[in-house]
Amino acid sequence: MYDIRSLKIQWASLREQLGARGADVPWDEIDTLLQDHRTQLAHTETLRHRRKQGSDNVARLQRASQPADAAIADMRALGDTIGRHEEQLREIETQLEAHALRIPNVPHDTVPPGPDASRNEEVRRWGDPPSFAFTPQPHWALGESLGILDFKRAGKIAGARFAMAVGAGAQLERALASLMLDIHTRTHGYTEVLPPCLVNQDAMTGTGQLPKFERDLFHLRDDPYLLIPTAEVPVTNLYRDEILPDHVLPIRHVASTPCFRREAGSYGQETRGLMRLHQFQKVELVAFTTPDESYAELERLTRAAESILQALELPYRVVTLCRGDLGFAAAKTYDLEVWIPSQSAYREISSCSNCESFQARRARIRFRAGSGKPDYLHTLNGSGLAVGRTVIAILEHYQHEDGSVAIPKVLQPYMNGIERLTASPRHG
RNA sequence: GGAGGGGUGCUGGAGUGGUCGAACAGGCCGGUCUUGAAAACCGGAGUCCCUCACGGGACCGUGGGUUCAAAUCCCACCCCCUCCGCCA
């Protein structure tokens, strides 16, 4: 939400609907600014009108060879006045925009109440958690003994929270991304894109990463680019500042990109393995729809993401995030949680959100129905899936007592027919 | 990185200080004509903001500046094209 115009219209209802989510929004200050803006704008425009007429008058006098010095002097004074008013107006708008960009999206009616993840609601489960006749190893142990993951050397060349896949491990990541892209493009109607992984500030503002979450992003020292934390950023921004004819909707894109996150504030958590890294590969789904189709599309997009887990025969569940766990830009989110044997828990592997018009307003992405007026469309996004976490699930789910790991059937064609990963000698 | 050219509406393309929100052409929408279509002819179409309304304001890559008045003049930046260098 929340250009100045929509703030004027729905300031009060917005405050009420956000409730605890809007706790740190300075509502009263915004209200004062809105009122100032209203009066200041009306006044400034009246003065501008007077200037237009006055300037025409000067032109008329000069054309008729009449003296215009007095009129010009008046106009000069008027111009100074207008300048002062415009400056005040700009100042008000700057402040309003700064506030508006930090107001989160309003949750959909079907989002359950609750302060944190403990109140998320399970929607459905697919598959059964396997029972092992032995104690299942965590993926990092499997990966290192198989010689397909090398955390030590990744730490040397980059630092903590970086990983490196080797041999069949690297091949596995590539195979998974290819499988996901193929399923989404061939059976779910998504069009593949390969976007830039560095974007400008406008793109980050459009999807909601800026200004509020700047500390989560990697910056470049000498250039005004930022590393994308998800392909949602470049792909959603594809149509920024455009008005799309409604017959092109829905637009569905899928992209496989690296994602970069500083993970500031998560020190000490999940420091081992592939669970939480500064860089990871993710296949992302992004959709653009008309407002009345977006919730059907959210179901469709979520099912597309689920189809990957089903193809890989990995047990998972779907949960609806409660209000307190909902992201800044989302109106409703389903998380897909895959079963992780070493933790005996379901862990997030995909997050599918309908942002409604929140991002569209920030990025000015509109559509036009027929020959009518432009309106903001709705944007959705979801992981389909996070590749690194899929590797975790496969290693752990398909492990055997001897430390070998079977390759799921659908993946074997992408792995040059390899059916099983076994430890093989390698330098170090 | 160096040299030059350019950024105007859906598109092409005029426009070097006032009557320009913008000629002209194409495309698009509606109408006339036609059995139907094409052609021809007539008409209509930008985006955004303020206002109950009447009406008013803003927008010619972006941001500043000059001026009574800027698409038009000045400055900075961004983007695109051509040539050279470099590189995958």
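What you see is a predicted model, and the numbers here were worked out from it, not measured in a lab. Throughout, protein chains are lettered first and strands after them, A, B, ... in sequence-line order, and every chain is numbered starting at 1. Because only heavy atoms are used, hydrogens play no part in the values below, and waters and symmetry mates are left out as well, while side chains stay in.
- The CD atom of A:Glu45 sits 8 Å away from the P atom of B:rA58 (whole-angstrom rounding).
- Judged by distance alone, the side chains of A:His253 and A:Glu192 never bring a donor and an acceptor atom under 3.5 Å apart.
- For the pair A:Glu242 CD and B:rC10 P, the interatomic distance rounds to 12 Å; values are reported in whole Å.
- Base pairing of B:rC10 is made with B:rG26, judged by Watson-Crick or G-U wobble geometry with both donor-acceptor distances under 3.5 Å.
- The separation of B:rC75 from B:rC83, taken at their P atoms, amounts to 28 Å, rounded to a whole angstrom.
- Atom name P, nucleotides B:rC60 and B:rG9: the rounded distance is 10 Å, in whole Å.
- In this structure, A:Arg366 reaches the sugar-phosphate backbone alone: every heavy-atom distance under 4.0 Å involves primed, P, OP1 or OP2 atoms, never a base.
- Residue A:Lys373 has no polar side-chain atom (N or O) positioned under 4.0 Å from OP1 or OP2 of B:rG46.
- For A:Arg63 and B:rU19, a side-chain-to-base donor-acceptor distance below 3.5 Å is present, hydrogens and geometry of angles not being considered.
- Nucleotides B:rA69 and B:rA14 place their P atoms 30 Å apart, quoted to the nearest Å.
- Distance A:Asp241 CG to B:rG9 P: 14 Å, rounded to the nearest Å.
- Taking atom P on both B:rA58 and B:rC20, the two are 16 Å apart, rounded to the nearest angstrom.
- Going from the P atom of B:rG43 to that of B:rC24 covers 12 Å, rounded to whole Å.
- Taking the centre of each ring, A:Tyr295 and A:His378 stay at or above the 6.0 Å mark.
- Under the Watson-Crick and G-U wobble criteria, each requiring two contacts below 3.5 Å, nucleotide B:rA45 is left unpaired.
- The distance from atom OG of A:Ser351 to atom NZ of A:Lys282, rounded to the nearest 0.5 Å, is 9.0 Å.
- Under the Watson-Crick and G-U wobble criteria, each requiring two contacts below 3.5 Å, nucleotide B:rG1 is paired to B:rC84.
- Inspection of the A:Gln66 and A:Gln62 side chains reveals no N or O donor paired with an N or O acceptor under 3.5 Å.
- Rounded to whole Å, the P atom of B:rA38 lies 10 Å from the corresponding atom of B:rC28.
- Where A:His49 and A:His37 each meet RNA chain B at their nearest nucleotide, the meeting point lying more 5' is that of A:His37.
- RNA chain B is contacted by both A:Gln62 and A:Ile4; A:Gln62 maps to the nucleotide lying nearer its 5′ end (nearest heavy atom per residue).
- Within the nucleic acid shown, A:Arg368 comes within 4.0 Å of sugar-phosphate atoms alone, with no base atom in reach, counting heavy atoms only.
- Separating the P atom of B:rC78 from that of B:rG63 is a span of 15 Å, rounded to the nearest Å.
- Shown here, B:rA25 is classed anti by the O4'-C1'-N9-C4 or O4'-C1'-N1-C2 angle, which is more than 90° from 0.
- Applying the Watson-Crick and G-U wobble criteria (two distances, each under 3.5 Å), B:rC60 pairs with nothing in any strand.
- Across B:rA58, B:rC48, B:rG18, the shortest atom-to-atom separation from the side chain of A:Val58 is found for B:rG18.
- Using the six-membered ring where Trp is involved, A:His188 and A:His184 have ring planes that are tilted, between 30° and 60° apart.
- Only the P atoms considered, B:rU67 is 35 Å distant from B:rC48, to the nearest whole Å.
- As rounded to whole Å, 12 Å separates atom P of B:rG18 from atom CG of A:Asp56.
- In this structure, the nucleotide among B:rC50, B:rG57, B:rC68 sitting nearest to the side chain of A:Ser55 is B:rC68.
- Remark: P of B:rC68 and CZ of A:Arg48 are 18 Å apart, rounded to the nearest angstrom.
- Remark: P of B:rG17 and CZ of A:Arg60 are 21 Å apart, rounded to the nearest angstrom.
- Distance from the side chain of A:Ala59 is smallest for B:rG18 among the nucleotides B:rA58, B:rG18, B:rC68.
- For A:Arg364, no side-chain nitrogen or oxygen approaches OP1 or OP2 of B:rU47 to under 4.0 Å.
- In this model, no donor atom of one side chain and acceptor atom of the other lie less than 3.5 Å apart for A:Glu121 and A:Thr320.
- In summary, the side chains of A:Gln10 and A:Gln17 do not present any donor paired with an acceptor at a separation below 3.5 Å, with no hydrogens or angles considered.
- Atom P of nucleotide B:rU51 and atom NE2 of A:His43 are separated by 16 Å, given to the nearest angstrom.
- A:Gln66 places its CD atom 17 Å from the C1' atom of B:rG18, with the value rounded to the nearest Å.
- Searching all strands for a Watson-Crick or G-U wobble partner of B:rA40 with both distances below 3.5 Å returns B:rU32.
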